[in-house]
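Down below is the structure, laid out as structure tokens.
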Amino acid sequence: MEAYIEILNNMQKEAVLCTEGPLLILAGAGSGKTRVITNRIAYLIKEKGVSPKSILAITFTNKAAAEMRERVEGLVGMDAGGAWISTFHSACVRILRMYSHLIGYDNNFTIYDTDDQKTVIKNICKKFEIDTKRFKEKWFMGQISSAKDELISEGQFELDASGDFYLEKVARVYTEYQKELKRNNAFDFDDLIVKTVELFKQHPDILERFQERFRYISVDEYQDTNTAQFVFVSLIAKKYQNICVVGDDDQSIYKFRGANIGNILNFEKVFPKAKVIRLEQNYRSTQNILDAANNVIKNNKNRKAKKLWTENDAGAMIKLFHVENSYVEADRVVSQIKEFVDEGYKLNDCACLYRTNAQSRALEEAFLRANIPYKIVGGVNFYQRKEIKDVLAYLKTIDNARDDVAVRRIINVPKRGLGAAAVNAVQRVADDREINFFAAIDDGVNEGLFGKPGEKLREFRNMIEDLKESASQISLHELMDEVLEKTGYLKELEAENTVEAQTRIENIDELINKAVSYEDSADDPSLSGFLEEVSLIADIDSWSADSDYVSLITVHSAKGLEFTNVFLCGMEDGLFPMNAAICSEDETDLEEERRLAYVAITRAKKNLIITASRMRMVRGETMVSIISRFVREIPVDLIEPDRENIYVASKPSEYNGGLPSKRASKEEFFRKPYASSAAEKKFSSGEKAALEYKEGDRVAHMKFGEGIVAKIVDGGRDYEVTVDFDDVGTKKMFASFAKLKKV
DNA sequence: CTCCTTTGTCTTTTT
DNA sequence: GACAAAGGAG
């Protein structure tokens with residue numbers, strides 16, 4: 001037997017060899033499920049002679065998809081190009097690109113992200129005179145999205161809503177929203193799945209084409225699929241029934257966006273002949289870490305009972321740092337990482353996990369101060385930044401002028417004297433004639449309907465038409481250069497001459513790089529193709545393994561990853577679990593948080609360090625909290641007493657509350673054992689902090705490396721520092737942003 | 001029409 | 001505390 005099968009345990013082997021018929025694999029954390037899926041695909045191709053073209057493998061994130069493709073190709077020893085290894089969303093996009101004309105869209109549709117959705121909803125509310133203070137756009141978006149997750153169409157929603165004041169309102173907005181999207185030739189994220197299902201249902205011949213093509217289907221992270229996604233795969237799998245789903249109900253953490261744990265139970269109903277295989281041996285973590293995880297998750301009532309076990313050693317005790325504030329927390333993380341490095345670990349072995357993105361800040365500052373390379377994984381999406389969205393809006397306008405949201409976004413960016421008045425005039429024409437926004441500009445300009453802003457609108461229209469002309473002749477990145485040039489966007493940024501503007505230009509350069517690499521890698525590069533790739537990708541940083549850095553990451557994004565040393569930060573009641581879950585009447589909300597904690601703990605291979613802070617700034621207010629109930633569910637004998645902190649006792653009774661025995665005085669709380677720029681910012685009340693370096697000093701910058709301070713100018717609110725860097729030349733920057741460190 | 005100030009909202013989590 | 005949206009002055 002082949003080596004890649006030989007190394008598997010019996011259950012894993014069974015799963016890999018079971019290629020025909022429906023298969024449900026219940027795989028605990030760290031039980032090698034990714035290996036099973038990839039080896040199974042390799043086995044299909046190599047031993048069973050299945051063509052890669054017949055394979056559809058669905059993963060949850062683009063990163064996971066790329067990784068799976070790489071691993072499969074490594075095993076198969078060939079290009080698995082014919083196989084579709086992708087997320088639900090990108091698989092559906094590919095299908096819709098071929099056939100969406102059959103359901104009334106153009107095949108070059110655009111994809112709306114949450115911001116675009118919000119813009120559309122906002123306009124609808126204005127039109128319907130809905131007070132967005134009482135009914136938030138977000139609320140409508142949530143309602144519509146949940147409906148789509150359950151495949152409830154706007155028509156169905158209207159029927160169900162009748163009689164209910166609130167639901168009727170939602171129904172009206174939902175219906176109008178879908179109309180608007182169609183008019184704009186756009187899909188939102190949920191639509192990608194919903195409309196593909198619609199396509200399959202309306203056109204059985206198309207469905208059959210895909211049933212014939214994808215005879216072998218697998219779905220990773222099955223516990224996180226929603227109803228629409230489940231229907232999508234089961235439609236394709238219906239004919240040949242070769243569908244393998246892998247999931248773990250304990251790791252279901254996306255209920256909030258419609259994930260339906262019921263899909264695990266439903267699987268055996270929809271596919272009655274399904275075989276069920278359990279993978280319960282954990283290869284990842286030490287016994288202690290696994291014990292901790294098991295003791296936490298066992299408090300959930302709604303779960304399939306299972307016993308995850310390991311042959312690994314007990315390993316190190318779990319460390320618990322209970323500190324006074326988030327700055328100390330971050331500094332203790334940093335010093336522990338330094339210890340790990342001294343012991344021979346690499347920075348890549350270490351990751352800081354947290355519940356909310358906001359927590360990354362304090363950590364980030366501590367890493368900067370300590371000069372330790374780090375990388376925020378996920379976080380504020382690259383593609384959500386203003387400058388990126390602006391450039392993309394131009395490209396979208398050029399690609400598909402039916403996209404009103406894009407056109408309206410850039411009509412006055414950079415400023416060209418086309419404000420609200422002009423936009424309203426155009427919109428009136430568009431509404432009257434029931435045409436899209438750009439067409440209304442065109443008509444109005446030709447017929448001279450606009451009066452004063454008419455000339456400016458004409459210029460705008462001509463510019464877009466020129467760019468369209470160019471788009472058909474030059475390459476993508478050349479087009480982007482031309483857009484930046486002709487629109488004056490770049491010039492405006494350059495004129496600003498600030499550090500922020502500089503970063504924006506760098507971000508745009510990054511986008512152009514991305515375009516170049518897209519052009520190099522895509523079979524048939526096109527503007528639409530690029531826009532599509534970009535709209536479905538969560539973060540630009542594709543995990544470069546070559547450099548050494550600490551990962552800062554939310555627990556949600558850490559799912560599916562593993563690290564030797566894991567710091568689980570901010571384990572306090574109110575933060576993790578969040579207050580909303582603690583107060584919720586629905587007890588499954590707290591269970592979801594607990595599953596999240598379980599996911600976090602099981603990311604760790606060797607060392608788990610849990611940190612909690614007594615006080616923390618949340619929304620500009622100081623919150624006082626006790627140690628997370630999830631930490632208290634871990635048996636005390638697995639936790640090493642923290643010698644640096646007198647408050648944490650090893651006796652369970654004392655360790656329970658976690659509050660300081662006496663009320664900490666103000667001085668005590670704000671005592672700063674380590675320098676903290678954030679703390680300084682707060683207490684200097686507007687006064688800029690003194691610099692630790694002077695002209696002629698040698699300083700280090702996080703990104704630019706080391707250099708010599710050439711000049712310091714007191715710019716009022718901040719110092720303007722000019723530095724001659726060894727590698728990147730002279731840069732001018734503001735002291736508070738640059739965070740320079742004397743060396 | 002644009003710039004500046006003030007006000008209000010937000011913090012779950014992602015495709 | 002940070003940022004976007006709304007409102008007011010020029």
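Just so it is clear: chains get the letters A, B, ... in the order the sequence lines come, proteins before strands, and each one is counted from 1.
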Looking only at dT15(B), dT14(B), dT11(B), the nucleotide nearest the S557(A) side chain is dT14(B)
In this structure, how many angstroms lie between the P atom of dA2(C) and the CD atom of E365(A), rounded? 10 Å
Toward the 5' end of DNA chain B, which comes first, D190(A) or A421(A), by nearest nucleotide? A421(A)
Proximity of F230(A) and F232(A) rings by center, below 6.0 Å: no
Please determine if a side-chain N or O atom of K138(A) lies less than 4.0 Å away from the OP1 or OP2 oxygen of dT11(B). yes
Using the six-membered base ring of dT13(B), report whether F256(A) stacks on it, requiring centroids under 5.5 Å and planes under 30° apart. yes
Take the protein atom CG of N579(A) and the nucleotide atom P of dC10(B), then report the distance between them rounded to whole Å. 16 Å
Let me see the working for N325(A) and S613(A) under side chain to side chain donor-acceptor pair (under 3.5 Å), right down to the final yes or no. CA-CA 5 Å; N325(A) 61 52; S613(A) 171; 5.8 Å; no
Less than 4.0 angstrom between a side-chain N/O of K415(A) and OP1 or OP2 of dC3(B), yes or no? yes
Side chain of M578(A) - closest among dG1(C), dT11(B), dT14(B): dT11(B)
May I ask you to verify if any side-chain N or O of N412(A) is less than 4.0 angstrom from the OP1 or OP2 atom of dC1(B)? no
Distance, rounded to the nearest Å, where E533(A) contributes CD and dT15(B) contributes P: 14 Å
Please confirm whether the shortest side-chain N or O distance from T61(A) to OP1 or OP2 of dT14(B) is below 4.0 Å. no
Go nucleotide by nucleotide along DNA chain B from the 5' end; which of R416(A) and H556(A) gets its closest nucleotide reached first? R416(A)
Rounded to the nearest Å, what distance is computed from the CZ atom of residue R257(A) to the P atom of nucleotide dT14(B)? 8 Å
Gap between atoms CG and C1', on D191(A) and dT15(B) respectively (whole Å): 13 Å
Pairing partner of dG8(B) (Watson-Crick or G-U wobble, both distances under 3.5 Å): dC3(C)
What's the CG-C1' distance between D589(A) and dT11(B), to the nearest Å? 16 Å
S90(A) near the nucleic acid: base, sugar-phosphate alone, or nothing, with a heavy-atom cut-off under 4.0 Å? nothing
Using a 4.0 Å heavy-atom cut-off, does Y254(A) contact any base of the nucleic acid, only the sugar-phosphate backbone, or nothing at all? sugar-phosphate
When you measure from the side chain of T87(A), which nucleotide among dT13(B), dA4(C), dT15(B) comes out closest? dT15(B)
Between dT15(B), dC10(B), dG1(C), which nucleotide gets closest to the side-chain atoms of M617(A)? dG1(C)
Pair partner, dT13(B) [Watson-Crick or wobble, under 3.5 Å]: none
Measure the acute angle between the ring planes of F210(A) and Y99(A), then classify it against the limits of 30° and 60° as parallel, tilted or perpendicular. perpendicular
So, do Y177(A) and F140(A) have ring centers that fall under 6.0 Å from each other? no
Give the rounded distance in Å between these two atoms: NZ of K126(A) and C1' of dA5(C). 12 Å
Kindly determine whether N108(A) and S528(A) satisfy side chain to side chain donor-acceptor pair (under 3.5 Å), including the steps that lead there. CA-CA 6 Å; N108(A) 71 333; S528(A) 316; 5.2 Å; no
Value rounded to 0.5 Å, distance of NZ in K148(A) from OG in S146(A): 11.0 Å
Taking CD from E592(A) and C1' from dT14(B), how many angstroms apart are they, rounded to a whole number? 13 Å
